[in-house]
Amino acid sequence: MKAYCYDGPVMRFENCVQNRWKASTYAPSEAKAKSNLAYRYKKENGMTPNTKITLPGKLIPA
């Protein structure tokens, strides 16, 4: 498993809800890391699981 860091905007249904969000996770691939971070953002902010959250920024391998 690799460590990934994210520092960038968070989009909900194509609208920017946060200009800058910092988080990190461990995952076997970059795609899974983005999925983990989107799920984490939803849980931390009380959103439902079917809310579309995208992280358009780049992931940085740590």
Side-chain angles (χ1 to χ4, degrees):
M1 293 256 245
K2 294 181 182 177
Y4 292 94
C5 297
Y6 181 77
D7 185 5
V10 178
M11 308 293 282
R12 179 177 64 190
F13 296 111
E14 306 304 324
N15 295 316
C16 185
V17 292
Q18 191 166 344
N19 289 327
R20 188 175 185 192
W21 182 59
K22 290 183 180 183
S24 60
T25 190
Y26 288 93
S29 68
E30 187 173 321
K32 182 62 178 169
K34 276 198 174 188
S35 174
N36 291 349
L37 290 169
Y39 176 78
R40 180 172 156 190
Y41 187 85
K42 291 177 201 179
K43 291 295 268 187
E44 287 178 359
N45 293 284
M47 297 177 181
T48 61
N50 61 346
T51 303
K52 183 182 177 190
I53 293 292
T54 54
L55 306 171
K58 296 264 183 187
L59 282 179
I60 303 165

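Fair warning: this is a prediction, and the values are worked out from it, not measured in the lab.
- Scanning both residues, Y4 and S29, for their nearest heavy atoms gives OH-C, 3.7 Å.
- Atom CZ in R40 sits 11.0 Å away from atom CG in N45 (nearest 0.5 Å).
- Residue T51 holds its OG1 atom at 12.5 Å from OH of Y39, rounded to the nearest 0.5 Å.
- Connection of M11 to Y6 is not established within any shared hydrophobic cluster, with ILVMFWY side chains joined at heavy-atom distances below 4.5 Å, either directly or through further cluster members.
- L37 contributes atom CG, which lies 7.5 Å from atom OG of S24 (distance to the nearest 0.5 angstrom).
- To the nearest 0.5 Å, the span separating CG on L59 from CD on E30 amounts to 5.0 Å.
- For the residue pair L55 and K34, the shortest heavy atom distance occurs at O-NZ, 2.9 Å.
- The heavy-atom pair separating P9 from C16 by the smallest distance is CB-SG, 4.4 Å.
- Counting heavy atoms of neighbouring residues, nucleotides and ligands inside a 6.0 Å radius, atom NZ of K42 exceeds 12 of them.
- The NZ atom of K58 sits 14.5 Å away from atom CG of D7, with the distance rounded to the nearest 0.5 Å.
- Without hydrogens or angle criteria, R12 side chain to T54 main chain gives no donor-acceptor distance under 3.5 Å.
- The NZ atom of K52 sits 11.0 Å away from atom CG of N15, with the distance rounded to the nearest 0.5 Å.
- At least one side-chain heavy atom of M1 sits under 4.5 Å from a side-chain heavy atom of P28.
- Closest of all the heavy-atom pairs between A27 and N36 is CB-ND2, 3.9 Å.
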